[in-house]
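Worksheet for the structure shown next.
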Amino acid sequence: DSPGTHRGLSLHGLYVAPDCQRLGVGTRLLDVALCETAAAGADGLLLKAQASAVSFFRDRGFCVLAEDDEAHYAHRLWKPVAAKTEPRPR
């Protein structure tokens, strides 16, 4: 599912309990996923998201991939990663 010839890790959604939303929990979880992607030597992180979450991921630098009739998930996003990075300090 990764775009082109890129090697990526896949994250099938990221969910935060409603009472914990807008507190930075999702961003921190996403930062860890991106760090793990880089540590694994992958080119980027492929994310499969609900329509209501696409703007959250776009705001964090993910690019929306073209819809693919053969893809198993309608909303797919991609973010390349550099070699091993550290999470942003809070």
Side-chain angles (χ1 to χ4, degrees):
D1 272 351
S2 297
T5 59
H6 295 291
R7 293 181 324 110
L9 295 186
S10 180
L11 181 60
H12 191 154
L14 178 71
Y15 301 90
V16 175
D19 59 332
C20 295
Q21 292 176 359
R22 307 195 71 65
L23 299 174
V25 174
T27 299
R28 289 192 299 272
L29 289 170
L30 189 57
D31 285 347
V32 171
L34 289 165
C35 285
E36 291 299 318
T37 300
D43 297 323
L45 182 62
L46 174 72
L47 191 96
K48 299 175 182 182
Q50 297 290 328
S52 60
V54 169
S55 63
F56 171 83
F57 296 111
R58 287 189 66 179
D59 289 348
R60 283 146 188 86
F62 280 78
C63 298
V64 176
L65 298 177
E67 289 190 25
D68 180 350
D69 292 336
E70 296 184 23
H72 299 292
Y73 219 83
H75 305 286
R76 299 176 314 124
L77 299 99
W78 172 260
K79 183 171 184 177
V81 296
K84 184 115 170 99
T85 60
E86 297 300 321
R88 294 181 293 184
R90 296 276 174 243

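All values reported here derive from a predicted model rather than from experimental measurement.
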Are V81 and L14 joined in one hydrophobic group, where the rule is that I, L, V, M, F, W and Y side chains link up if heavy atoms are under 4.5 Å apart?
yes
Counterpart residues, ring pair (Phe, Tyr, Trp, His ring centres under 6.0 Å), relative to F56 (two or more places apart)
none
If you look only at pairs with a residue in residues 8-29, which of them pass as a ring-ring contact (aromatic ring centres under 6.0 Å, His included), with sequence neighbours excluded?
H12-Y73
Worked verdict on L30 versus L45 for side chain to side chain contact (heavy atoms under 4.5 Å, CB included):
CA-CA 10 Å; L30 189 57; L45 182 62; 4.2 Å; yes
Heavy-atom closest pair (K48 atom, S10 atom, distance to 0.1 Å) is CE-OG, 4.0 Å
Write out all pairs satisfying ring-ring contact (aromatic ring centres under 6.0 Å, His included) with one or both partners inside residues 25-50, taking only residues at least two apart or from two chains.
none
Non-hydrogen side-chain atoms of V64 and H75 separated by less than 4.5 Å
no
Does some side-chain heavy atom of T27 sit less than 4.5 Å from a side-chain heavy atom of R60?
yes
Measure from the side-chain N and O atoms of Q21 to the backbone N and O of V16, and report whether any donor-acceptor pair falls under 3.5 Å.
yes
Show every donor-acceptor pair shorter than 3.5 Å between a side-chain atom in residues 35-43 and any protein atom, with sequence neighbours excluded, or say none if there are none.
residue: T37; atom: OG1; partner: A33; partner atom: O; Å: 2.7
residue: D43; atom: OD2; partner: R7; partner atom: N; Å: 2.7

Cluster overlap L11 with V54, hydrophobic side-chain contacts below 4.5 Å
yes
Would a single hydrophobic cluster contain both L47 and L34, if residues Ile, Leu, Val, Met, Phe, Trp and Tyr are joined by side-chain heavy-atom contacts under 4.5 Å?
yes
Between L77 and A49, what is the shortest heavy-atom contact and its length?
CD1-CB, 3.9 Å
